[in-house]
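Before I ask anything, let me first share the structure, which is written out below as structure tokens.
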Amino acid sequence: LAAVMATVFGALMGAGHAAEGVLRASKPEVRKEVVAVIEAQLAAFRAGDVAKAYGYAAAPLRAQNPLRVFAAIVQHNYREVWASTRAEYGLVRDDGQHAAVLVHVFAAASDAAYDYVLVKERAGWRIGSVVRHEARKKSIL
């Protein structure tokens, strides 16, 4: 199921909508909106309100995964997101329709960095994909 999230992320990247270089550092108001959506979803998970958390997912993600499946995916594959205690946000970048941000999520027993991609929908920014961030390997050459 993590592959589904990666596929959505890859489709956005491959389509050039969220390609590196196309996204620009977000204006403060966009950053505030994007961070607020992610923070609201994390707060909903902390409160045990999975239905509310699901509401922050983008329409294509909800169409692929009913609420029960969504909950299972997050609980088993995104443990820090499921049980976060806090989060730190990197630079938010957007093109007006897509936004990307690296979020370091902390839980009681662990922490991890996640690449979030959000899409702008009628209701506002929604989370299109979340992929565990893989640090770039440093070349010895």
Side-chain angles (χ1 to χ4, degrees), residues 1-139 141:
L1 276 322
V4 170
M5 301 289 254
T7 300
V8 172
F9 183 74
L12 287 173
M13 296 303 250
H17 295 294
E20 195 109 12
V22 173
L23 300 180
R24 305 274 186 242
S26 298
K27 293 181 179 178
E29 59 273 11
V30 172
R31 175 183 169 73
K32 185 176 179 180
E33 292 170 10
V34 167
V35 168
V37 167
I38 298 168
E39 193 59 44
Q41 187 183 59
L42 292 173
F45 281 126
R46 281 193 295 273
D49 192 343
V50 179
K52 187 173 183 177
Y54 185 67
Y56 293 105
L61 190 59
R62 290 191 319 270
Q64 287 180 340
N65 300 293
L67 176 59
R68 197 177 76 219
V69 173
F70 172 81
I73 290 169
V74 177
Q75 186 175 17
H76 297 293
N77 297 314
Y78 300 86
R79 292 181 182 170
E80 295 83 9
V81 171
W82 182 261
S84 72
T85 55
R86 67 184 178 91
E88 295 176 358
Y89 299 87
L91 177 69
V92 176
R93 297 174 298 137
D94 79 280
D95 66 4
Q97 294 301 309
H98 303 89
V101 60
L102 178 65
V103 182
H104 197 121
V105 183
F106 297 85
S110 62
D111 64 279
Y114 292 95
D115 291 306
Y116 275 74
V117 173
L118 290 84
V119 294
K120 186 81 174 224
E121 295 182 349
R122 282 186 180 200
W125 291 102
R126 292 295 178 256
I127 300 166
S129 69
V130 179
V131 178
R132 186 177 292 270
H133 181 78
E134 297 293 332
R136 293 184 180 172
K137 305 243 189 252
K138 292 183 181 178
S139 175
L141 302 176

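What you see below is based on every heavy atom in this structure, not just the backbone, and it leaves out hydrogens, waters and symmetry mates.
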> What closest approach, in Å, do Val105 and Glu80 show between heavy atoms, and which atom pair accounts for it?
Replying inline: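 What the structure gives for the nearest pair is CG1-O, 3.3 Å.
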>> Less than 4.5 Å apart, side chain to side chain, heavy atoms only: is that true for Val34 and Tyr116?
In response: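 No - every pair of side-chain heavy atoms lies 4.5 Å or more apart.
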>> On a heavy-atom basis, which atom in Asp94 and which in Lys27 lie closest, and how many Å separate them?
In response: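 Minimum heavy-atom contact is OD1-N, 4.5 Å.
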> Any idea which heavy atoms bring His98 and Leu23 closest together, and the distance?
Replying inline: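 In this case the closest contact between His98 and Leu23 is O-CD2, 3.7 Å.
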> Donor-acceptor pair, Thr85 side chain versus Ala108 backbone, under 3.5 Å?
Replying inline: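 Answer holds: no.
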> Shortest non-hydrogen contact from Asn77 to Arg132?
Replying inline: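 Nearest heavy atoms, Asn77 then Arg132: O-NH2, 4.3 Å.
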>> Return the CD to NZ distance between Glu39 and Lys32, rounded to the nearest 0.5 Å.
In response: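 Answer rounded to 0.5 Å: 13.5 Å.
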> OH/Tyr89 to CZ/Arg31 distance, rounded to the nearest 0.5 angstrom?
Replying inline: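 Nearest 0.5 Å value for the OH-CZ distance: 9.0 Å.
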> With a 4.5 Å limit on heavy-atom distance, are the side chains of Tyr114 and His133 in contact?
Replying inline: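 No - every pair of side-chain heavy atoms lies 4.5 Å or more apart.
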Enumerate donor-acceptor pairs with a distance under 3.5 Å from any side-chain N or O in residues 49-60 to protein atoms, sequence neighbours excluded.
{"unit_1": "Asp49", "atom_1": "OD1", "unit_2": "Lys52", "atom_2": "N", "d": "3.0"}
{"unit_1": "Tyr54", "atom_1": "OH", "unit_2": "Arg62", "atom_2": "O", "d": "3.1"}
{"unit_1": "Tyr54", "atom_1": "OH", "unit_2": "Asn65", "atom_2": "O", "d": "2.7"}

> Glu88: what forms a salt bridge (charged side-chain N to carboxylate O under 4.0 Å, His left out) with it, not counting sequence neighbours?
Replying inline: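 Per chain and number, Glu88 pairs via salt bridge (charged side-chain N to carboxylate O under 4.0 Å, His left out) with Arg86.
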> Considering all heavy atoms of both residues, which atom of Gly128 and which atom of Leu61 are nearest to each other, and what is their separation?
Replying inline: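 Looking at all heavy atoms of both residues, the closest pair is O-CD2, 3.9 Å.
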> With side chains defined as the heavy atoms from C-beta onward, is the minimum distance between Val101 and Ile38 less than 4.5 Å?
Replying inline: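 In short, these two side chains touch, coming nearer than 4.5 Å.
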> Minimum heavy-atom separation for Val30 to Trp125, with atom names?
Replying inline: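 The pair with the smallest heavy-atom distance is CG1-CZ2, 4.0 Å.
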